S.K.: 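I'd like to ask some things about the structure below.
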Amino acid sequence: MLDVVTRFEEAFADWLGVRSAFAFWKGRVALYAILRALGVGEGDEVILPGYTCVMDVNPVKYLGATPIFVDIEPTTYNLDVRLLEEKITPRTKVVIAQHTYGYPCEMDAILEIASRRGIPVIEDCCLALGSTYKGKRCGTFGVAAYWSFQWNKPFTTGIGGMVTTDDSGLAEKIEVLNRTELKPPSAKAAGMLSLQRIIYRLLIYPRTTALATALFRWLTRKGAVVGSSDTCEFVPEMPPDFFMGMSAGQARAGLREMRRLEKNLAHRREMGHLYDRLLREAGWDVPAIPEAMDPVLVRYPVRVSDKTRAVAEAPKHFVELGTWFECPLHPIETPLELYGYREGMCPVAEKACREVVNLPTHLRAGAATARRTVDFIARASGRAPGVATS
Ligand SMILES: Cc1ncc(COP(=O)(O)O)c(C=O)c1O
């Protein structure tokens, strides 16, 4: 009988249609494993969009490599392929294609530019479970992909992450790495996370999310819960227990989520179309997404004219409004200079950080929530001028 983590890995690999999957404590740990297996180290450069989460940049820094930030294009918030070529140097070791909010990257162009120079592409699928590009699932284009199952990701195991790959050489290297270096989570952390998953299932609904998130962040700072990110993760130095595997409890939660995956994805697709319609009716100039892309949105991004006000007002009206991404390396507390990001490096991304809020598409948010949320942002802030442009 296979252990539960292996069963989750196999179920996930089967669903995606790839040979191998490796489960980890968090998505960022999954990225670290891929970078290690690709031999990324001191002096190497890793290209990624300047509109991401700092936890995505940490593994690059932990390995002594330099993150190179590419600006985004304003409709899908993905790396602007027209700017990719000029960022490539002889030291470029990897390109990370992050499918932001669930919008697939222009994979044909990215793969063409990277493969001409023999540079592997990793897909960041943490926000893009179920999205397709030209009819093919995100996560099946690059040499490997990584996924996150953190609270507000497409499905949750509390926290959690996965590597998927069809490359047997890369899979072998990750196997060796896991055998020799991967630590198991402590019984205390795994147990606490199980309890948090139960509390989450009972209490977290669109109307309670803002309050619960504030409480959760406070408890994380006090060290009273297993947080998504510890304070020590806001500097680019690897914490001692970073390279950790997935617990049995996380894997069991993952298997449960796999059973309702198609329902989850269909719901998110439907919510995306509903927001398109409601926002158009409310006067937004909803940008057209290229036909090659069929996104499943983890959150629906929308530009508002007064993000600060909308975010401040939302909890008072029991509206679930997300802030991704508050700065080019989310969240706003990130000391950007320690990561080599200087203001003005990615102006389109910086504008998006000032304007974009995101709306819930998960299974606990239905048509009524969508209507209430759109009504709220229309009243609280209005649409940003020049919605689809930089
Ligand atoms: C785009 C993106 N990639 C990767 C991650 C890291 O995932 P995890 O929190 O599971 O480490 C995040 C942040 O949570 C993210 O927003």
Side-chain angles (χ1 to χ4, degrees), residues 12 22-35 46-62 67 69-70 72 76-79 94-105 122-129 131 138-139 142 144-164 185 189 193 196-197 213 216-217 220 226-230 232-234 238-239 241-247 250 253-254 257 295-299 301 322-334 339 349 352-353 356 358:
F12 198 80
F22 301 93
F24 293 93
W25 183 239
K26 293 179 182 177
R28 66 202 75 172
V29 185
L31 170 60
Y32 176 83
I34 301 172
L35 295 176
V46 173
I47 293 181
L48 69 172
Y51 189 67
T52 188
C53 173
V54 68
M55 300 307 155
D56 232 13
V57 192
N58 270 337
V60 176
K61 294 288 285 180
Y62 293 167
F69 303 107
V70 187
I72 58 168
T76 62
Y77 308 94
N78 285 329
L79 173 161
V94 172
V95 172
I96 298 180
Q98 171 188 295
H99 305 295
T100 313
Y101 297 115
Y103 293 118
C105 290
I122 300 174
E123 292 177 77
D124 178 345
C125 291
C126 293
L127 311 178
L129 190 77
S131 297
C138 288
Y146 63 105
W147 311 77
S148 169
F149 311 125
Q150 186 253 3
W151 301 109
N152 46 24
K153 298 301 192 298
F155 73 63
T156 189
T157 58
I159 51 179
M162 190 80 85
V163 169
T164 51
L193 192 61
Q196 286 170 219
R197 276 193 305 271
T213 305
F216 184 66
R217 290 199 177 134
T220 302
V226 179
S228 305
S229 302
D230 296 324
C232 63
E233 292 183 88
F234 289 91
M238 189 159 126
D241 288 334
F242 177 76
F243 193 51
M244 223 151 69
M246 181 173 270
S247 67
Q250 285 169 293
E257 289 289 348
V296 175
L297 298 177
V298 64
R299 310 277 309 177
T323 60
W324 289 341
F325 292 90
E326 293 165 357
C327 73
L329 313 182
H330 183 94
I332 199 75
E333 291 83 8
T334 301
Y339 291 87
C353 293
V356 175
N358 60 68

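Small disclaimer: the values here were computed from a predicted structure and weren't measured. Ligands are counted one by one from 1 in listed order, and the atoms in each one are counted from 1 as well.
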S.K.: Heavy-atom distances under 4.0 Å decide this one: backbone, side chain, both or neither, for Leu127 against ligand 1?
M.R.: side chain
S.K.: How far is atom 4 (C) of ligand 1 from its nearest protein heavy atom, and which residue and atom is that?
M.R.: Asp56 OD1, 3.2 Å
S.K.: Could you say whether the N/O atoms of Gly27 and ligand 1 ever approach to under 3.5 Å?
M.R.: yes
S.K.: What do the steps show when you test Phe149 against Phe12 for ring pair (Phe, Tyr, Trp, His ring centres under 6.0 Å), and what is the final call?
M.R.: CA-CA 12 Å; Phe149 311 125; Phe12 198 80; 5.6 Å; yes
S.K.: Has the side chain of Asp124 got a donor or acceptor atom that lies under 3.5 Å from a matching backbone atom of Ile96?
M.R.: no
S.K.: Considering only non-hydrogen protein atoms, determine which one is nearest to atom 13 (C) of ligand 1 and report residue, atom name and distance to 0.1 Å.
M.R.: Cys53 SG, 3.3 Å
S.K.: Starting from atom 10 (O) of ligand 1, find the nearest protein heavy-atom neighbour and note its residue, name and distance.
M.R.: Ser148 OG, 2.6 Å
S.K.: Under 4.0 Å from a heavy atom of Gly160: give me the atoms of ligand 1 that qualify, with their elements.
M.R.: 10 (O)
S.K.: Which ligand 1 atoms, with their elements, are less than 4.0 angstrom from a heavy-atom of Arg28?
M.R.: 8 (P), 9 (O), 11 (O)
S.K.: Please, which pairs that meet side chain to side chain donor-acceptor pair (under 3.5 Å) have at least one residue in residues 46-59, sequence neighbours excluded?
M.R.: Tyr51-Tyr101, Thr52-Asp56, Thr52-Gln98, Asp56-Tyr146, Asn58-Tyr339
S.K.: Short question: side chain of Gln250, backbone of Gly158 - any donor-acceptor pair under 3.5 Å?
M.R.: no
S.K.: Is there a donor-acceptor pair closer than 3.5 Å between any side-chain N or O of Ser131 and the backbone N or O of Cys138?
M.R.: no
S.K.: Suppose we screen for side chain to side chain donor-acceptor pair (under 3.5 Å). Which residues come up paired with Thr76, at least two apart in sequence or across chains?
M.R.: Glu73
S.K.: May I ask which of Lys153, Lys26, His330, Met55 has a heavy atom nearer to atom 14 (O) of ligand 1 than the others do?
M.R.: Lys153
S.K.: Polar-atom distance check: Asp124 versus ligand 1, any N or O pair below 3.5 Å?
M.R.: yes
S.K.: Do Glu257 and Lys153 sit within salt-bridge range, that is, some charged N less than 4.0 Å from a carboxylate O?
M.R.: no
